[in-house]
Amino acid sequence: MNQRIIDDHNTALSTEDLAALRENLHEQRLFRQEQLHQLSAAATSRAGAPGLRPAASQLEVRNKLAASARLVLADVEAALTRMDQGRFGICHLCRGPIARELLMIVPQARYCARCRQVREAGG
């Protein structure tokens, strides 16, 4: 497996870091897959039961939860792909390293802190 280890202050990822991050991402993937399965099962079981129709607000909440879970799942799977391709920890905008501290908190991060601030500010 091709693993890229980034050397810069506060950005170096050890082999142990990468292993822990990969495990975290796998756990997140399983959690989101299970969450989507449960949301789908709840929708299916209530759809066929007369009188048990969920309120529109419940459907909206379920749909928003499912959409959020799908987005996070896609981010997690993309991070695992980047890891497999040796591109993990590289900012999608500036191509600089993403700080180790940020990756340890949000392993699926696509942007360094500076580029994330620029994106959130609409720049």
Side-chain angles (χ1 to χ4, degrees):
M1 178 171 49
N2 183 13
Q3 292 181 352
R4 180 182 173 113
I5 298 179
I6 303 161
D7 292 315
D8 199 337
H9 59 83
N10 296 329
T11 59
L13 291 172
S14 68
T15 303
E16 293 80 17
D17 289 339
L18 287 169
L21 289 166
R22 182 180 294 278
E23 183 176 337
N24 180 308
L25 289 165
H26 280 292
E27 288 172 7
Q28 284 190 59
R29 179 170 58 187
L30 288 173
F31 174 79
R32 295 303 175 178
Q33 288 171 335
E34 180 60 27
Q35 183 182 30
L36 287 167
H37 175 74
Q38 288 176 359
L39 288 167
S40 175
T44 303
S45 68
R46 291 195 178 166
L52 290 178
R53 279 199 169 139
S57 60
Q58 289 175 315
L59 286 173
E60 185 178 348
V61 168
R62 187 181 308 139
N63 289 339
K64 287 185 178 188
L65 282 172
S68 176
R70 282 191 293 273
L71 286 172
V72 173
L73 181 58
D75 282 347
V76 166
E77 289 178 342
L80 286 166
T81 298
R82 288 192 304 275
M83 208 175 254
D84 290 342
Q85 295 172 346
R87 298 182 296 115
F88 183 78
I90 304 297
C91 178
H92 283 205
L93 288 178
C94 71
R95 302 291 182 228
I98 299 172
R100 177 187 181 275
E101 291 78 16
L102 176 58
L103 290 170
M104 296 309 266
I105 296 167
V106 185
Q108 66 269 30
R110 294 174 187 253
Y111 307 104
C112 67
R114 185 178 54 81
C115 289
R116 189 170 133 223
Q117 286 177 335
V118 169
R119 283 184 53 87
E120 288 174 358

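This one's a predicted model, so the numbers in the text were calculated from it and none came from an experiment.
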Validation row: Q108, R29 side chains within 4.5 angstrom (heavy atoms): no
Within one Ile-Leu-Val-Met-Phe-Trp-Tyr cluster: L73 and L71, side-chain cutoff 4.5 Å: no
Atom pair CD/SG of E120 and C115 - distance to nearest 0.5 Å: 11.5 Å
Over all atoms of both residues, closest heavy-atom pair of R82 and A109: NH2-O, 3.5 Å
Distance, nearest 0.5 Å, that separates CD of E34 from CG of L39: 10.0 Å
Closest heavy-atom pair and its distance - A79, P107: CB-O, 4.1 Å
Heavy-atom check, side chain of D84 versus side chain of R22, under 4.5 Å: yes
L103 CG to D17 CG distance, which is reported to the nearest 0.5 Å: 9.0 Å
Check: L59 main-chain N/O paired with N63 side-chain donor or acceptor under 3.5 Å: yes
Check: Q35/R32 side-chain N/O donor and acceptor closer than 3.5 Å: yes
Value rounded to 0.5 Å, distance of OG in S14 from CD in E16: 4.5 Å
Heavy-atom check, side chain of Y111 versus side chain of V118, under 4.5 Å: no
H26, E27, Q28 screened by side-chain hydrogen bond (donor to acceptor under 3.5 Å, both in side chains) with N24, the one that passes: Q28
Within 6.0 angstrom of H37 NE2, more than 12 heavy atoms from elsewhere: no
4.5 Å side-chain heavy-atom contact, F31 and V76: no
Point-to-point distance, once rounded to the nearest 0.5 Å, from CZ of R95 to CD1 of I90: 9.0 Å
Side chains of R110 and D75 in contact at under 4.5 Å (non-hydrogen atoms): yes
Atom pair CG/CZ of L21 and F88 - distance to nearest 0.5 Å: 4.5 Å
Hphob cluster co-occupancy, L80 + L18, side-chain heavy atoms under 4.5 angstrom: yes
Verify same cluster id: V72, M104 (apolar side-chain graph, 4.5 Å): yes
Side chain proximity check, S68 to L65, heavy atoms < 4.5 angstrom: no
Least distance between heavy atoms, L36 atom then A66 atom: CD2-O, 3.5 Å
Minimum-distance pair of heavy atoms, taken over all atoms of I98 and C91: CG1-N, 3.8 Å
